[in-house]
Amino acid sequence: MTTQPMQFVPGSEFKRRAAEVVANPFLRKSFRGAMDFLIAKRAAQFPDPELLERQRTLAEEIRRYSLSRLPALLEQLEANLVKNGVKVHWAENPDEANAIILGICRQHDARLMVKGKSMVSEEVELNHAMDAAGIEALESDMGEYIVQLAGEKPSHIIMPAIHKTKQDIAKLFAEKVPGVSYTEDVDALIQVGRDVLRKKFMDADIGLSGVNFAVAETGSLCLVENEGNGRMCTTVPNVHIAITGIEKVVEKLEHVVPLYGLLTRSATGQAITTYFNVITGPRREGEKDGPREMHLVLVDNGRTQAYADEQLRQTLQCIRCGACMNHCPVYTRIGGHAYGTTYPGPIGEIISPHMMGLAATHVLPGASTLCGACGEVCPVKIPIPDLLIRLREEATHEAKPGHAPLVGQGAGKTTFASLAFKGFAFLYSRPALYRLFAWGATRFRFLTPSNQAGWTATRTPLKPAAKSLRDLLAERRIDERKSC
Amino acid sequence: MSARDKILAKLRAAPAQPLASPDASITTHYASLPRTAKDKLAQEFAEKITAWHAEVHTVPRSQWVDKARTIVADKGIATLLYAPATAHGKELAASGIAGLKAYDQPIEAWKQEMFDGIDAAITGTRGAIAETGTMILWPDADEPRLMSLVPPIHIALVDADAILPTLYDAITTQGWSKGLPTNALLVTGPSKTADIQQTLAYGAHGPKELIVLLLTGEAQ
């Protein structure tokens with residue numbers, strides 16, 4: 001099975017990919033349709049805006065509280081997991097996470113790993129590492145399975161194959177799955193995946209899963225899903241490895257309830273998922289199924305950088321519902337792949353800089369119109385537009401005194417932009433000069449070129465108005481005097 | 001310094017921001033929501049889980065085995081997995097229903113048969129949640145985890161008296177945090193996916209059908 005290497009997208013590359021999607025009417029229609037569908041389904045779950053506001057405020061309070069006690073909660077989680085018989089590992093970066101998981105696989109001479117949906121495993125490029133080590137890592141979430149079969153990466157964190165039509169999938173299965181003939185019947189296609197993957201669940205040595213919520217007080221891992229593949233991965237193989245970001249921990253099971261209720265409603269407009277799986281340790285004495293060994297890998301990968309700053313810390317409140325991308329006018333037009341990051345859309349724009357550094361991601365905070373939709377729908381009230389503005393600033397400036405620089409701080413700074421803004425500041429802070437400029441710009445507007453480099457590639461040329469605001473106001477004053 | 005110590009040290013070095021526990025806010029929030037009256041819980045649960053594509057049969061407690069027998073015949077279930085050490089398992093064993101298969105040995109001994117040779121499994125529940133039409137499963141040594149997952153049909157017994165209004169009620173009144181099993185479960189309908197072009201399909205990896213026997217006190 002081939003996996004795509006993680007590739008960050010430099011500025012020019014991001015724009016090229018985005019332009020490609022924008023020029024593809026099928027992809028645009030596919031994303032627009034899918035997003036409209038998800039937006040409507042979510043809205044139907046929240047008929048009472050006041051109640052929604054109360055729920056969001058509560059969820060924000062829970063997440064902020066959990067983060068305020070993060071180091072203590074992580075230690076409590078670890079202690080209780082160990083008590084429950086779970087081995088806990090910590091990884092500062094993707095390489096460490098992969099090395100830990102490979103080490104566990106080697107201990108068990110594993111040849112096949114079945115994977116439940118885990119964005120953190122995408123983030124550390126686990127499939128690639130497993131591939132390189134000669135161990136098959138098979139995605140078992142239907143969407144992830146399809147995307148892996150196609151040699152692609154997910155284009156949405158909740159619906160990984162959202163960019164594919166059933167015709168694409170019919171063709172893919174007919175080509176790649178032995179003995180399958182072309183069918184566009186969705187039930188039949190799902191049955192194909194079910195049959196292939198059931199054999200794999202039975203044969204797998206290792207089951208890997210993500211974690212939606214880790215509960216410190218009880219030492220439990222909560223998994224949210226509809227398909228049952230998560231339960232298969234965490235129950236059938238002899239070894240279960242869970243991987244998650246350090247920010248997913250909450251103190252108590254009671255704290256999960258409001259978050260879970262908002263997660264599923266915000267994500268896919270469901271009041272609840274088919275399965276909510278609370279795992280508290282491996283198979284106990286006398287039990288007849290369940291893994292005999294269980295591990296949790298806690299991954300940092302830049303999260304501590306976000307945590308170090310009280311404003312950027314809010315990024316870590318995220319519960320990964322995907323509502324921000326569903327409602328983002330930019331995501332809807334360019335889709336998930338253009339971003340070139342594991343997490344696309346608004347949440348990707350604010351979290352990827354911590355994971356991959358600003359040198360690789362400085363264009364992303366700019367891929368937003370700042371319309372505010374993402375912040376409005378966020379179930380845990382992350383002020384995404386504020387964080388976008390903050391990261392734009394960090395991407396183009398030195399760190400403020402007293403602030404530790406972010407990885408890649410100032411990487412997006414260009415001489416042209418700095419000069420342009422310096423010129424702007426010079427002109428706009430000198431009234432006499434500004435008046436002269438406005439006088440000239442309006443009188444000589446016929447001199448503006450019709451070809452304005454990148455701007456006119458897809459837009460009409462910019463041209464100063466015939467009269468400046470000052471001129472207009474002055475005229476109005478004269479008119480008013482006349483009418484008095 | 002280990003990765004663990006480095007991560008914790010970085011977190012501890014960040015500006016501290018002590019915040020009050022959200023416990024009181026959570027309690028107040030759930031107390032402020034309208035609650036379904038006790039005598040309406042079973043009806044609400046049945047309606048909601050039916051909307052999630054489950055098949056619900058309301059039966060008097062004393063007659064559930066006969067209902068199970070009818071379902072087994074109607075669905076053409078040739079092998080029915082059950083948990084012999086449970087109270088309902090014992091009733092089933094005594095029923096003489098054909099094709100009963102006891103889950104009485106570790107999965108390693110019969111994995112292939114579990115995946116390929118079982119048509120349906122029947123399990124108990126620890127109650128249910130009316131608000132979302134959700135069953136609470138509490139698998140243990142007697143009634144293992146895979147029963148509600150691998151066979152294509154899952155038949156579940158829900159006691160109408162054990163239905164609670166919300167998940168929050170279930171977690172608090174049943175005292176979940178005081179003693180969780182290895183795998184506590186909420187199940188709301190059969191396995192499903194909408195990963196192909198947002199088209200809903202049932203039986204993705206788990207059961208294709210969920211049949212709920214809602215057990216009530218008296219004949220209805």
Side-chain angles (χ1 to χ4, degrees), chain A residues 34 37 54 58 61-62 64-65 68 70-71 74 90-92 96 142-143 159 161 165-166 169 186-187 189-190 194 197-198 202 217-218 220 226-229 231-232 235 246 252-255 257-258 271-272 274-281 283-284 286-290 300 304 307-308 310, chain B residues 2-4 6-8 10-15 17-23 25-26 29 52 103 105-107 111-112 115 132 134 140-141 144-146 149 167-168 171-172 176-177 180-199 201 203-207:
Chain A
F37 172 81
R54 293 212 312 270
L58 181 62
E61 187 184 340
I62 295 168
R64 282 174 59 92
Y65 170 74
S68 77
L70 186 57
L74 283 168
W90 303 66
E92 279 200 287
E96 284 182 16
M142 286 295 178
M159 312 197 89
T165 61
K166 61 184 173 188
I169 295 161
V186 171
D187 283 316
L189 290 170
I190 293 297
R194 179 185 171 100
L197 289 163
R198 284 209 146 207
M202 246 195 307
E217 190 184 70
T218 60
S220 305
N226 282 315
E227 295 186 0
N229 65 307
R231 290 186 61 197
M232 288 282 188
T235 312
I246 50 172
K252 300 175 180 178
L253 204 50
E254 285 83 352
H255 296 186
V257 182
I272 195 164
T274 301
Y275 300 115
F276 182 73
N277 194 353
V278 185
I279 299 173
T280 312
R283 186 188 303 199
R284 291 175 193 165
E287 289 184 346
K288 299 183 184 73
D289 55 27
D300 175 357
T304 45
Y307 190 83
E310 280 176 289
Chain B
S2 66
R4 174 187 188 276
K6 278 192 248 175
I7 292 170
L8 288 173
K10 280 188 204 166
L11 295 176
R12 291 230 154 83
Q17 181 201 43
L19 292 174
S21 162
D23 287 356
S25 303
I26 296 173
H29 176 75
W52 289 115
Y103 196 157
Q105 51 183 336
I107 185 65
K111 210 191 243 181
Q112 188 81 41
F115 274 81
T132 49
T134 299
D140 58 13
R145 296 156 71 159
L146 290 174
L149 181 63
L167 174 58
Y168 185 70
I171 287 177
T172 49
W176 285 29
S177 299
L180 282 161
T182 42
N183 187 200
L185 278 167
L186 300 179
V187 177
T188 310
S191 153
K192 65 175 181 288
T193 185
D195 272 355
I196 299 183
Q197 228 177 305
Q198 299 96 55
T199 308
H205 295 290

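Labels below follow one simple rule: chain letters A, B, ... track the order of the sequence lines, proteins then strands, and each chain is numbered from 1.
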Contact leader toward chain A among [options], where contacts are heavy-atom pairs under 4.5 Å:
| options | value |
| --- | --- |
| B:A184, B:S25, B:A201, B:P106 | B:A184 |
| B:L146, B:D140, B:T172 | B:L146 |
| B:G189, B:G203, B:A13 | B:G203 |
| B:T134, B:T132, B:I26 | B:I26 |
| B:P181, B:A20, B:P18 | B:P181 |

With side chains defined as the heavy atoms from C-beta onward, is the minimum distance between A:I246 and A:T304 less than 4.5 Å?
-> yes
Less than 4.5 Å apart, any side-chain heavy atom of B:I7 and any of A:E92?
-> yes
Cut-off 4.5 Å, heavy atoms of chain B, and the answer for A:L74 is side chain
Among the options A:E254, A:E61, A:R284, A:M159, pick out the one with the most heavy-atom pairs lying under 4.5 Å from chain B.
->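 Highest number of pairs under 4.5 Å: A:R284.
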Under 3.5 Å side-chain donor-acceptor pair for A:R231 and A:N277 = no
Is there a donor-acceptor contact under 3.5 Å linking the side chains of B:T182 and A:E287?
-> yes
Roughly how far apart are A:L70 CG and B:K10 NZ, rounded to 0.5 Å?
->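 Rounded to the nearest 0.5 Å, the CG-NZ separation comes to 13.0 Å.
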